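Computed from a predicted model, the values in this text were never measured in an experiment. Note on naming: letters A, B, ... go to the chains in the order of the sequence lines (proteins, then strands), and numbering restarts at 1 for each one.
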Amino acid sequence: MTYSPPRDRLWFLRRRAYLVFVLRELTSLFVAWSVVYLILLLDAAAGGALPAFWAWAAGPWVLAVNVLALGATVFHSVTFLNLAPKATVIRLDGWRVPGFMISGGNYSAWLAVSVLILWVLS
Amino acid sequence: MILRVSRYRPGVDAEPVFQEYEVPDRADWAILDALNHVKDAVDGTLSFRWSCRMGICGSCGMNVNGEPKLTCGTFLTDYTGPVTVEPLRGFPVIRDLVVDIDPFLANLSKVSPWLIREGEEPDSEYAQTPEQLEAYKQYSMCINCMLCYSACPVYVLDPDFLGPAAIALAQRYNLDSRDMGDRFDVLSAEEGVWGCTFVGECTSACPKHVDPAEAIQRYKLTAALRSVLPFTRRRP
Ligand code: SF4
Ligand code: FES
């Protein structure tokens with residue numbers, strides 16, 4: 001006759017690491033919002049409705065959500081890229097490429113893509 | 001120093017209750033020494049598992065102040081106030097601090113944790129270079145202490161999850177140059193690597209630096225590539 005504790009619904013409050021993890025997962029909502037926002041932007045650009053889109057985007061609510069989304073997506077991206085070396089273990093002739101080089105490569109790629117987008121938009 | 005120990009006596013207690021014991025606050029005592037002092041001198045009915053007292057056998061894992069720890073490697077001097085000792089979270093409690101390890105053993109055996117070979121047996125031993133050994137050595141250091149399972153909220157909420165040590169063990173064989181097996185079906189199942197949400201606490205809890213979180217994320221990449229490229233062989 002063994003004892004199994006009941007399911008703990010507040011498990012994420014029990015340890016700091018769990019809470020940080022749950023917060024990181026919640027930032028996915030803002031990542032999803034950013035994708036929707038970009039699609040709306042592309043749609044407006046394709047349909048020639050950019051001025052109307054910018055007028056909507058300048059509204060206080062959209063602005064506030066986007067500022068929050070920027071913070072959340074940067075947090076999401078940074079934590080995601082910092083974890084990338086865990087999934088990519090690269091060995092060159094027996095020498096294991098250190099984690100900082102793998103995440104460094106990812107950050108460089110991020111920067112390059114961002115610069116490219118900025119160049120396309122301006 | 002006060003030890004608050006979780007007691008569960010089947011047939012007597014409906015659920016675990018805490019019992020406090022006063023133990024000498026000795027600088028050279030691990031929590032396990034304090035528990036053994038209680039068992040020898042205060043209350044012989046207290047039940048817990050241990051064997052090697054040197055971080056090798058993996059049997060003395062318990063929750064100490066809420067953290068999964070090897071009690072032979074965690075010292076009284078690491079704590080100031082009362083120390084709470086509970087059984088490892090995520091496993092049914094048999095008695096006091098003793099948990100049922102059968103679910104864990106069942107998960108370990110699901111990944112075929114042995115060298116799988118095909119074809120003729122060679123005449124001599126299978127030689128390996130130091131680099132080939134290095135490729136899997138870290139994952140072979142596991143002592144099956146189950147601390148990673150207790151630290152994993154996914155496993156504690158869903159015991160069907162294969163769990164950190166079993167996946168690290170699978171990788172110990174997957175990355176071994178002598179192994180020819182394929183553990184894709186069990187690892188790429190929903191309760192396999194995809195059950196992991198990468199909380200990362202298994203790696204923080206592991207006393208042997210196995211880094212099971214890394215083993216899992218690496219296999220996610222392997223499994224994803226194999227799903228996209230169905231003809232890829234297991235070996236890179
Ligand atoms: S991976 Fe580490 S924490 Fe998990 S059972 Fe093995 S030694 Fe223990
Ligand atoms: S008693 Fe063997 S690991 Fe602690």
Side-chain angles (χ1 to χ4, degrees), chain A residues 1-32 72-107 109-110, chain B residues 6 8-16 63 66-68 86-87 89-96 98-100 102-103 129-135 138 151-154 156-159 171 175 193 197-201 203-205 211-222 224 236:
Chain A
M1 191 172 50
T2 57
Y3 171 80
S4 296
R7 178 175 287 241
D8 181 4
R9 295 193 187 281
L10 296 176
W11 62 270
F12 50 88
L13 296 178
R14 305 284 177 233
R15 290 166 81 170
R16 212 186 97 86
Y18 292 171
L19 190 64
V20 172
F21 159 76
V22 166
L23 289 178
R24 192 184 83 211
E25 293 293 289
L26 283 178
T27 58
S28 308
L29 288 175
F30 288 98
V31 174
T73 44
V74 166
F75 176 76
H76 192 94
S77 313
V78 169
T79 47
F80 186 85
L81 292 185
N82 286 349
L83 293 173
K86 290 262 176 223
T88 29
V89 173
I90 303 174
R91 284 178 201 276
L92 299 174
D93 201 16
W95 175 72
R96 181 169 170 172
V97 177
F100 77 88
M101 285 196 185
I102 295 175
S103 35
N106 281 315
Y107 277 111
W110 185 18
Chain B
S6 171
Y8 172 65
R9 288 147 294 202
V12 178
D13 302 314
E15 56 179 30
N63 260 28
E67 304 275 330
E86 293 167 279
R89 238 194 303 269
F91 297 94
V93 183
I94 295 176
R95 186 187 171 90
D96 298 341
V98 180
V99 293
D100 181 4
D102 284 351
T129 64
E131 288 76 25
Q132 286 171 330
L133 171 66
E134 204 50 46
Q138 165 195 345
C152 173
V154 176
V156 173
L157 290 172
D158 173 17
Q171 287 287 61
L175 300 168
V193 291
T197 52
F198 204 175
V199 182
E201 282 297 284
T203 289
S204 313
D211 202 347
E214 179 195 85
I216 301 174
Q217 308 325 308
R218 284 178 76 178
Y219 201 83
K220 279 184 187 168
L221 200 63
T222 309

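Listed for the A/Asp8 side chain is a donor-acceptor partner under 3.5 Å among the backbone atoms of A/Leu10. Not one N or O on the side chain of B/Ser6 forms a donor-acceptor pair closer than 3.5 Å with the backbone of B/Pro16.
Summarising the geometry, atom CD belonging to A/Glu25 is positioned 11.0 Å from atom CZ belonging to B/Phe198; distances are rounded to the nearest 0.5 Å.
At a 4.5 Å heavy-atom cutoff, A/Arg14 makes no contact with chain B through either its backbone or its side chain. Neither the backbone nor the side chain of B/Ala215 has a heavy atom closer than 4.5 Å to any heavy atom of chain A. If you measure heavy-atom distances from B/Thr197 to chain A, the contacts under 4.5 Å come from both the backbone and the side chain. At a 4.5 Å heavy-atom cutoff, the contact between B/Glu201 and chain A is made by side-chain atoms alone. At a 4.5 Å heavy-atom cutoff, the contact between B/Ala151 and chain A is made by backbone and side-chain atoms alike.
Per-residue heavy-atom pair counts under 4.5 Å with chain A were compared for B/Thr203, B/Val99, B/Val199, B/Leu221, and the maximum is reached by B/Val199. Contact count against chain A (heavy-atom pairs under 4.5 Å) is highest for B/Leu157 among B/Val156, B/Asp13, B/Leu157. Considering only heavy-atom pairs separated by less than 4.5 Å from chain A, the leading option among B/Asp211, B/Asp100, B/Thr129 is B/Asp211.
Counting non-hydrogen atoms of neighbouring residues, nucleotides and ligands closer than 6.0 angstrom, the CZ atom of A/Phe80 reaches no more than 12 such neighbours.
Two residues are said to be in side-chain contact when any heavy atoms from C-beta on lie closer than 4.5 Å; B/Pro10 and B/Arg95 meet this criterion. Between A/Thr73 and A/Thr27, the closest side-chain pair of non-hydrogen atoms is not below 4.5 Å.
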